[in-house]
Number of protein chains: 2
Amino acid sequence: MTLPLPGSQVRGSITGKPIMALLDLLGRTWALGIIWNLHSGPATFRELQQRCEKISPTLLNTRLKELKTLQLIESQEAGYQLSPQGVDLYEVISPLGAWSSQWAQALKEERK
Amino acid sequence: MTLPLPGSQVRGSITGKPIMALLDLLGRTWALGIIWNLHSGPATFRELQQRCEKISPTLLNTRLKELKTLQLIESQEAGYQLSPQGVDLYEVISPLGAWSSQWAQALKEERK
DNA sequence: CTTAATGCTACAATATTTGTAGCAAAGTTA
DNA sequence: TAACTTTGCTACAAATATTGTAGCATTAAG
């Protein structure tokens, strides 16, 4: 899969608008999950693999490379961690946690 | 793919935590894109297809069904539109628009 | 009647993801 | 220093997901 670099064509879009690149990136399996799981602190490869419950090493590595190139994560001695940009992105999406709970609740009510 | 219903096991997670269901859902190709493109108003099937630039009808229909079941969108006479929950979710993710611009900018600077 | 647009479905081709195995390098322990 | 362990990751084939094109049934004009 080609890297969704803002400014160039990305999967599913020919305009190359930054939002399209971002939606392409975040729409890839596990991309959101990795960012989500990394926000609780740096992790080594195997540690991150466990936080993600069920990701295959192949894909984890692929995603890590992409996220690194796009500057959302970086690798230090402590392992992989969110870059300043990554932290910033996490802050944007962090309300999803609370939102998902109320969503789950609503769906549950509904099914009564 | 099985529907990521909060409370039950979802792709990539065995815990069934709402956030995992949500991350699974949003991590599917085009799910975020559909929500994003629907926020500007209701759209018919073919119209939505065009807003999404390059989605195949097969997948569009699959995603629409999922999003409908999970109550993020609904279909009315005007076509498909975000449900109240969907609007709410959109509001959570809408800062991604601005974020993506500054991200694109930062990447550009970087490559100088 | 025709013709045109719409909401899809069929289905084969292509691309992505998983899962298991395992290897090389870097510690640890004895 | 000679085993072990652990870690970061690659190989690769099987399983799944996505695309793309064609086209069909319905409804709506003309």
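All heavy atoms count here, side chains included; hydrogens, waters and symmetry mates do not. Residue numbers begin at 1 in each chain, while the letters A, B, ... track the order of the sequences.
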Looking only at non-hydrogen atoms, find the nearest pair between [X] and [Y] and report the distance.
| X | Y | value |
| --- | --- | --- |
| A:Trp103 | B:Leu72 | NE1-CD2, 3.9 Å |
| A:Arg51 | A:Asn37 | NH1-O, 2.7 Å |
| B:Leu5 | B:Ala21 | C-CB, 4.1 Å |

Intermediate values then yes/no, side-chain hydrogen bond (donor to acceptor under 3.5 Å, both in side chains), B:Lys68 and B:Ser75
CA-CA 8 Å; B:Lys68 204 151 134 189; B:Ser75 47; 3.1 Å; yes

Is the distance from OP1 or OP2 of D:dT18 to the nearest side-chain N or O of B:Arg63 less than 4.0 Å?
yes

[X] [atom1] to [N] [atom2], straight-line distance once rounded to whole Å:
| X | N | atom1 | atom2 | answer |
| --- | --- | --- | --- | --- |
| A:Gln76 | D:dG8 | CD | P | 14 Å |
| A:Leu60 | C:dT17 | CG | P | 13 Å |
| B:Ile73 | C:dG7 | CD1 | P | 13 Å |
| B:Arg28 | C:dT17 | CZ | C1' | 13 Å |

All ring pair (Phe, Tyr, Trp, His ring centres under 6.0 Å) counterparts of A:Trp30, not counting sequence neighbours
none

Who pairs with A:Tyr90 by ring pair (Phe, Tyr, Trp, His ring centres under 6.0 Å), at least two apart in sequence or on another chain?
A:Trp36, A:His39

Step by step, would you call B:Leu38 with B:Leu67 a side chain to side chain contact (heavy atoms under 4.5 Å, CB included)?
CA-CA 12 Å; B:Leu38 229 35; B:Leu67 293 171; over 6 Å; no

Any residue of residues 36-56 of chain B with a heavy atom less than 4.0 Å from an atom of DNA chain C:
B:Thr44, B:Phe45, B:Arg46

Mind running a 4.0 Å heavy-atom check of residues 18-25 of chain B against DNA chain C and sending the residues that fall below it, in number order?
none

End-to-end bend of the helix from C:dC1-D:dG30 to C:dA30-D:dT1 (five-pair axes, 10° rounding)?
20°

For A:Gln76, all residues meeting side-chain contact (heavy atoms from CB on, under 4.5 Å), sequence neighbours excluded
A:Glu74, A:Gln81

The side-chain contact (heavy atoms from CB on, under 4.5 Å) partners of A:Lys65 (sequence neighbours excluded) come to A:Asn61

What residue pairs, at least two apart or across chains, pass salt bridge (Lys or Arg N to Asp or Glu O under 4.0 Å) with a residue in residues 91-106 of chain A?
none

Listed once per pair and sorted, the salt bridge (Lys or Arg N to Asp or Glu O under 4.0 Å) pairs that draw on residues 18-31 of chain A, sequence neighbours left out:
A:Arg11-A:Asp24, A:Asp24-A:Arg28, A:Arg28-A:Glu66

Which residue, B:Thr2 or A:Tyr80, contacts DNA chain D at a nucleotide closer to its 5' end, judged by nearest heavy atom?
A:Tyr80

Starting from the 5' end of DNA chain C, give me the residue, A:Leu59 or B:Asn61, whose nearest nucleotide shows up first.
B:Asn61

Using salt bridge (charged side-chain N to carboxylate O under 4.0 Å, His left out) as the criterion, list what pairs up with B:Arg46, not counting sequence neighbours.
none

What protein N or O atoms touch nucleotides 11-16 of chain D N or O atoms at under 3.5 angstrom, if any, and at what distances?
residue	atom	partner	partner atom	Å
D:dA11	N6	A:Thr58	OG1	3.2

Contacts of type side-chain hydrogen bond (donor to acceptor under 3.5 Å, both in side chains), residue A:Thr69, not counting sequence neighbours
none

